[in-house]
Protein chains: 2
Amino acid sequence: MTTRPPTLEEVAQRAGVSTGTVSRVINNARHVSDKSRRAVEKAIAELGYVPNTAARSLATQRRGAVVLAISSDDPALFANLFFAEVITGVNAVIEETDLQLMLVLAASERGRSRFGKILQSRSADGVMLLALKENDPLSTMAEDSGLPTVHGGRSLDRTPQWYVDADNRGGARTAVEHLIAAGRRNIATITGELDTHAGQGRYMGYREAVVLAGLSDQRVAHGDFSEASGAAGMKLLLDDHPDLDAVFAASDAMAIGALDVLRENGKRVPEDVAVVGFNDVVTARNTQPALTTVRQPIEAMGREMTRMLVRLLNGEQPTSLILPTELVLRAST
Amino acid sequence: MTTRPPTLEEVAQRAGVSTGTVSRVINNARHVSDKSRRAVEKAIAELGYVPNTAARSLATQRRGAVVLAISSDDPALFANLFFAEVITGVNAVIEETDLQLMLVLAASERGRSRFGKILQSRSADGVMLLALKENDPLSTMAEDSGLPTVHGGRSLDRTPQWYVDADNRGGARTAVEHLIAAGRRNIATITGELDTHAGQGRYMGYREAVVLAGLSDQRVAHGDFSEASGAAGMKLLLDDHPDLDAVFAASDAMAIGALDVLRENGKRVPEDVAVVGFNDVVTARNTQPALTTVRQPIEAMGREMTRMLVRLLNGEQPTSLILPTELVLRAST
DNA sequence: GTGAAAGCGCTAACAA
DNA sequence: TTGTTAGCGCTTTCAC
C-alpha cells in the first residue's frame, strides 16, 4: 500500500525539464520561464509531489522546525492551563509559516538530556523556552547551543537577550490602585515566590501602589503561588493585621486559598475584605464570590514569542516585549 | 561562534577506523571488535559527536518523529485542559524513546492542510490523533496516508483500527449506580451531544443503570456538554419532573450549569437533589458544593496512545484499549 | 571484523 | 533561462 512518494527527479522527467528548474519553481526563485513553471506545476499536481523534508534539510542545513521547550515542575493545574494557552498562541503563528513545531516537556533529567540532544544535533532551527522556574538549566543549554532562542518570562539573575514577558509589576500596581480607588486603605498582599521575576514584580507593583498613595506596605505574607500557601498567608495576615480591608494575592490559586480562610473567619467578601488575584485561570470565575483578577495575555505571549523567533530566523532584529495585563473586575472587590 | 558540529567522518578519522565501523558502533550492530568500539566511543566523547538527524533520516527513510494532531474547535477551557493532560502523558512515553514529538493543532483549514503536508512528505513516522469531533477530516487524511495511526477516542460512524478510549459507558453506569445505592429513585440525566461516541456512551450507561434497577429512564434532557446547555437542561428537567432527586450530567461543565439552576430554584444539593458530573476538570473541586464526578484517565490515554504507536512502529501488534474511569466522591451526592 | 563506495532526495554553484 | 553536478552526513550493502 504505502507506495514511495514521487521524487523531484520524477517531476522533472514528467515536466520535461531539469531537476534544477523544478527546484527553482518549488522555491520560487527567479530565472524560470513561464512555460517551464507551468509545466512543472502541472507535473507536481499530477504526481502529488511533496518535497522530502529530510533531503531538503540535509542540503540546506536548515531544519524547518522550531522547538518549544517547557520546563515545568509546577503544580499541574496552573502549569497545564498556562502551557495549553501558550501552545495555542504559538501554534497560531506557526501555522502561517512552513515551520514545524516540536514540543519538549523537560521536567525530568531525561527530558533535559533529550532537549540537549535536539540542540546539539541541530534538529531545530530555533528554540522557544518557557522556563517557569528560575535558573533553569534549559536556559543555559539553549544559550550554549548558539541557536536563536526566545524566552517566555525572565529570571531574576539575568535578562535573556530575547524575551516576551507579561507586565507583572504594572498589573499588580493596577490591581492595588483599583482597591485604593474603591476606598480600601489597609491593603495586604500575599506574595509569590520572591526569587522569581514574576513574584518579585508583583510584590513591587503592590508596594509602588500603596506607597504612592501614602498607605502602609507592611501588611505582607509570603507565599509560593500555591493555594495552600495562600490560605496560610491569609491566616497570618488576619492574625497580625486584623484591620485589613483588602488583599492582593499574587496568584489566583493563593486568592482562592485566602477566600476559604476569610470565609472560615466570618469575613464577608467583598464587604469586609476585598480580594484580588492574578492570572485568571478557569477557577477564578467559579469561586464564591467570583474573583477579581489580573489577566495575563498568555496566548499573546505564545504568539509574540513565535513571531520573535521567526524574525530571528529571518535574520531580522526583533525587540523584546513586555505585554500589558488587564484587570478583570468581578464580585470579590 | 556557531561552529559546525563534528561529522561521523571526523569521528572515524580520530578513532582511526572507517565510517562504516563508527556507524556500526553508533547503531550498536554486531561485528565490531571491542577495540574499535572503545576507540570510537572515545572519539565520540571527545568530539561531542551527535548524529545529524536529517542525514540519518534521508538514509534510513525513517523520520524519528511522530505527530500528535489535535483537532479542536471545542470550548477553549475544557479542550485546553484535556489536551494539556494528554500531552503530558504522551510526553512521558516519548521521553523513553528516541522519537521526537511534533505537535499540530489543526483547528483551522490551514492547520489541516499543514497536517496533510506532514503526512505526505513523510515528515513523521506515525500519528496520534485526538479528534474531539466526529467525522473529523483529519481522521480520513491520516488513514489515506497509510501512516500508522492511533486514535484517542472513537467516532460513532466507524471504529478506528487502533484506538484508546475511556470507558464512558461504564463510568456513567457506575455514577448512576452510586446514586441508586444512596437511595435516589427519580434520577435524571443531562446528556452530551448524542452524535458523539462519548455522549452516546454516557447516556447508555445511565439508562443501563436505571433500567436494571427497575427505575424510570424517562427523565432526560439533551445538552451539548457546555455549561449553558447544562443550565438549560436543568430548567427543563425541573419543569417536567419536579420530583427528581438526582441528576447525572454527562460533563462537569453541564453539572456546573445545573448546580446554578438548582440553587436559583431553592433546591439544596445534595439534600434535595444529588448531582454527579463527568470529567473532573479543575472546576469540579471548586464548585459549591464540590462536585462528585467521573474521572477520566486522560493522561493515561496519552501514555497508552503513545505506547501503542511505538509498538506499531516496531512492527508489533498492539491492542486497542478502553481505559477504566473512576468515581470521585465529593459533597454533591 | 572492517573498509570502500553507492546511494537517500534535495539544493546551489557553475557552465552553458 | 536552463542543465549538470557536486555535495549535505549518514546507512548499508558488498568485498575483502
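Convention: sequence-line order gives letters A, B, ...; per-chain numbering from 1.
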>> Side chain of S36(B) only, heavy atoms from C-beta on: which candidate in dC10(D), dT2(C), dT2(D) is closest?
In response: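 When the side chain of S36(B) is considered, dT2(C) is the closest of dC10(D), dT2(C), dT2(D).
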> Going through the checks in order, is the side chain to side chain contact (heavy atoms under 4.5 Å, CB included) test met by L309(B) and M305(B)?
Replying inline: CA-CA 6 Å; L309(B) 183 55; M305(B) 285 174 69; over 6 Å; no
Send over the distance from [X] [atom1] to [N] [atom2], rounded to a whole Å.
X       : N       : atom1 : atom2 : result
N27(A)  : dA12(C) : CG    : P     : 7 Å
H31(A)  : dA16(C) : NE2   : P     : 18 Å
L8(B)   : dC8(D)  : CG    : P     : 14 Å
I26(A)  : dC10(C) : CD1   : C1'   : 9 Å
D98(A)  : dT11(C) : CG    : P     : 12 Å
R30(B)  : dT13(D) : CZ    : P     : 11 Å
R122(A) : dC8(D)  : CZ    : P     : 17 Å

> Any side-chain heavy-atom pair from L8(A) and P51(A) closer than 4.5 angstrom?
Replying inline: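 Counting from C-beta outward, L8(A) and P51(A) never come under 4.5 Å.
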>> If the cut-off is 4.0 Å, is S23(B) near the phosphate of dT11(D), judged by side-chain N/O to OP1 or OP2?
In response: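 So the side chain of S23(B) is within the cut-off, an N or O lying under 4.0 Å from OP1 or OP2 of dT11(D).
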> Between T19(A) and dT4(D), does any side-chain N or O lie under 4.0 Å from OP1 or OP2?
Replying inline: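 No, no such contact exists.
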> Do other residues, nucleotides or ligands put more than 12 heavy atoms under 6.0 Å from the CD atom of E9(A)?
Replying inline: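 Incorrect, the count does not exceed 12.
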>> Counting neighbours of CG on N314(B) that are heavy atoms of other residues, nucleotides or ligands and sit closer than 6.0 Å, is the number greater than 12?
In response: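 Correct, the count exceeds 12.
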>> Let's see if you get this right: which residues in residues 52-67 of chain B place a heavy atom under 4.0 Å from DNA chain C?
In response: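 Per residue number, the list reads L58(B), A59(B), Q61(B).
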>> Rounding to 10°, can you tell me the angle the first-five-pair axis of the helix from dG1(C)-dC16(D) to dA16(C)-dT1(D) makes with its last-five-pair axis?
In response: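 Axis angle across the helix from dG1(C)-dC16(D) to dA16(C)-dT1(D), nearest 10°: 40°.
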> With distance as the sole criterion, do the side chain of R24(B) and the base of dG3(C) form a donor-acceptor contact below 3.5 Å?
Replying inline: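 Result: at least one qualifying N/O pair found.
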> Looking only at atom types and distance, does a side-chain atom of E10(A) sit under 3.5 Å from a main-chain N or O of T7(A), one as donor and one as acceptor?
Replying inline: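 Checking the backbone N and O of T7(A) against the side chain of E10(A), a donor-acceptor pair under 3.5 Å is found.
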Which atom pairs, donor and acceptor, lie under 3.5 Å between side-chain atoms of residues 61-68 of chain A and protein residues at least two apart or in another chain?
| from | atom 1 | to | atom 2 | distance (Å) |
| --- | --- | --- | --- | --- |
| R63(A) | NH1 | R122(A) | O | 3.3 |
| R63(A) | NH1 | N52(B) | OD1 | 3.4 |
| R63(A) | NH2 | S57(A) | O | 3.2 |

